[in-house]
Number of protein chains: 2
Amino acid sequence: MKYTEAKSDLIQAWGNLGYSWGLNKVMAQIHALLMVSAKPLSADEIMDELKISRGNANMNIRALLEWNIIYRISVPGERKEYFKAEKDTWVLARQVAKERRKRELEPILKTLKNVSAVENDGSEETKEFKKVVKELKGFAEKSDSLLDTFIKAEESWFWSTIMKVFK
Amino acid sequence: MKYTEAKSDLIQAWGNLGYSWGLNKVMAQIHALLMVSAKPLSADEIMDELKISRGNANMNIRALLEWNIIYRISVPGERKEYFKAEKDTWVLARQVAKERRKRELEPILKTLKNVSAVENDGSEETKEFKKVVKELKGFAEKSDSLLDTFIKAEESWFWSTIMKVFK
DNA sequence: TTAAATTTTCAATATTTATTGAAAGTTTAT
DNA sequence: ATAAACTTTCAATAAATATTGAAAATTTAA
């Protein structure tokens, strides 16, 4: 298989995976491109490789910076900014987990806490509702601590040992 | 807080979470509605509660059935079909993990395997590419076995014990 | 059978989300 | 200061996705 074909296949596939991780397609593609690139790339190079507009490139680069999964690089003597990806997949996964926890889990935990306070009118509906909310809350809290553990796994001897089982 | 308000808040919030799990909004809302409902509901009741069309209801119910997170219920003497949700959150999470593994992880593993076969022309690009692909492959495989372990966790003494730590 | 009840399909339409590109803004070298 | 290099913004537009609803298909009771 030729390099250029392999590269575009990988960018495509990583784009799809990233999409299902909550990034958008172009964000994920830019990330993939920076992943496989030996050198940091400028916005122009990214636009060129992925055939996207300047505005699109700019917005998605910014989003990736916000997610902390790519970094801004300054080359001395050069005016342009360059970007490189976080290439350590575990750091990457941790970073994504952190963002998603903030964006997804925190809101549902808040809602579950709110709706727990539903007034018990003695009806079967209310009874069932309370039961389900309690179950969901337990689940969300467990997910939250699992995620938290994962995010902090690097620092934990126990978990980093467990993780090694999966080599 | 009133029951009807709590219910619609929960459906809304669960809809958002489900969306980020790879379901679509209405799918997730139907699931939420069936979660909190004490009795199985018919398509008409779902249409009515969520204010969606028959076609929409039908399609999303079918999708939920495909994901195996709601069940078809027949009431003797009734012509209509009823639906109820899987209410055990761990079964639910496992089912979702299973689907996503199939839909997301399997394709990227396939691509990574393919692009590994890129021909080494000795250039720096190719060298870096091969390195990154190897790293990604290792990561994807580990994720795969983690997921697999999670999916099968119920049967495993070791993991069900570990899980209990998160109560 | 027939026909009423129910479910499914799908072309048309509406809604949401992503993308463009040119203008405005910012930074830096001289 | 000026202007070139570069980045950001955002209204307009395009593309993707979701939704409707009426017609077709299917199921069931009598």
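Since we're looking at a predicted model, the values are computed, not measured. Below, all heavy atoms of this structure are taken into account, side chains as well, without hydrogens, waters or symmetry copies. Residue numbers begin at 1 in each chain, while the letters A, B, ... track the order of the sequences.
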Side chain to side chain donor-acceptor pair (under 3.5 Å) pairs, two or more places apart, involving residues 27-40 of chain B: B:W14-B:H31
Show the nearest heavy-atom pair for residues A:A140 and A:L105, with the distance to one decimal.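 The answer is O-CD2, 4.2 Å.
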For [X] and [N], give me the distance from atom [atom1] to atom [atom2], rounded to whole Å.
{"X": "B:N60", "N": "D:dT19", "atom1": "CG", "atom2": "P", "answer": "7 Å"}
{"X": "B:N58", "N": "D:dT19", "atom1": "CG", "atom2": "P", "answer": "14 Å"}
{"X": "A:L65", "N": "D:dT7", "atom1": "CG", "atom2": "C1'", "answer": "13 Å"}
{"X": "B:R62", "N": "D:dA18", "atom1": "CZ", "atom2": "C1'", "answer": "15 Å"}

Could you tell me if the side chain of [Y] sits less than 4.5 Å from the side chain of [X], heavy atoms only?
{"X": "B:P107", "Y": "A:N16", "answer": "no"}
{"X": "B:I11", "Y": "B:K7", "answer": "yes"}
{"X": "B:I30", "Y": "B:L41", "answer": "no"}

Which ones in residues 8-17 of chain A lie close to DNA chain C, meaning a heavy atom under 4.0 Å from one of its atoms? none
Could you list by number each residue of residues 41-57 of chain A showing a heavy-atom separation from DNA chain C of less than 4.0 Å, or answer none if no residue does?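 Under 4.0 Å from DNA chain C: A:K51, A:I52, A:S53, A:G55, A:N56.
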Apply salt bridge (charged side-chain N to carboxylate O under 4.0 Å, His left out) to the pair A:E119 and B:K2, showing each step before the final yes or no. CA-CA 6 Å; A:E119 60 194 49; B:K2 288 271 180 285; 3.4 Å; yes
Name of the residue among A:E106, A:E99, A:E104 meeting salt bridge (Lys or Arg N to Asp or Glu O under 4.0 Å) with A:K102: A:E99
Contacts under 3.5 Å, N or O only, protein and nucleotides 12-17 of chain D:
none

Distance-only, no hydrogens or angles: does the A:K130 side chain make a donor-acceptor pair with backbone N or O of A:V118 under 3.5 Å?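 Yes, A:K130 side chain to A:V118 backbone: donor-acceptor pair under 3.5 Å.
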Donor-acceptor check, side chain of A:E81 to backbone of A:R72, threshold 3.5 angstrom: yes or no?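 Such a contact is absent between A:E81 side chain and A:R72 backbone.
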Pair A:K80-A:E45, salt bridge (charged side-chain N to carboxylate O under 4.0 Å, His left out): steps then yes or no: CA-CA 11 Å; A:K80 264 197 202 95; A:E45 289 167 314; over 6 Å; no
Taking any atom under 4.0 angstrom from a heavy atom of chain A, which nucleotides of DNA chain C are the first and last to qualify, 5' to 3'?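 The protein-touched segment is C:dA18 to C:dT28.
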Residues clustering with A:Y71 (ILVMFWY side chains joined when closer than 4.5 Å, directly or via others): none
First encountered from the 5' end of DNA chain D, between A:M59 and A:Y82: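 It is A:Y82, whose closest nucleotide lies nearer the 5' terminus.
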Under a 4.5 Å side-chain heavy-atom rule over Ile, Leu, Val, Met, Phe, Trp and Tyr, are A:I70 and A:M59 clustered together?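 No, A:I70 and A:M59 fall in different hydrophobic clusters.
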Compute whether any side-chain donor of one residue and acceptor of the other, for A:D121 and A:T126, lie under 3.5 angstrom apart. yes
Out of D:dT9, D:dT19, D:dC6, whichever nucleotide has its closest atom nearest the side chain of B:V26: D:dT19
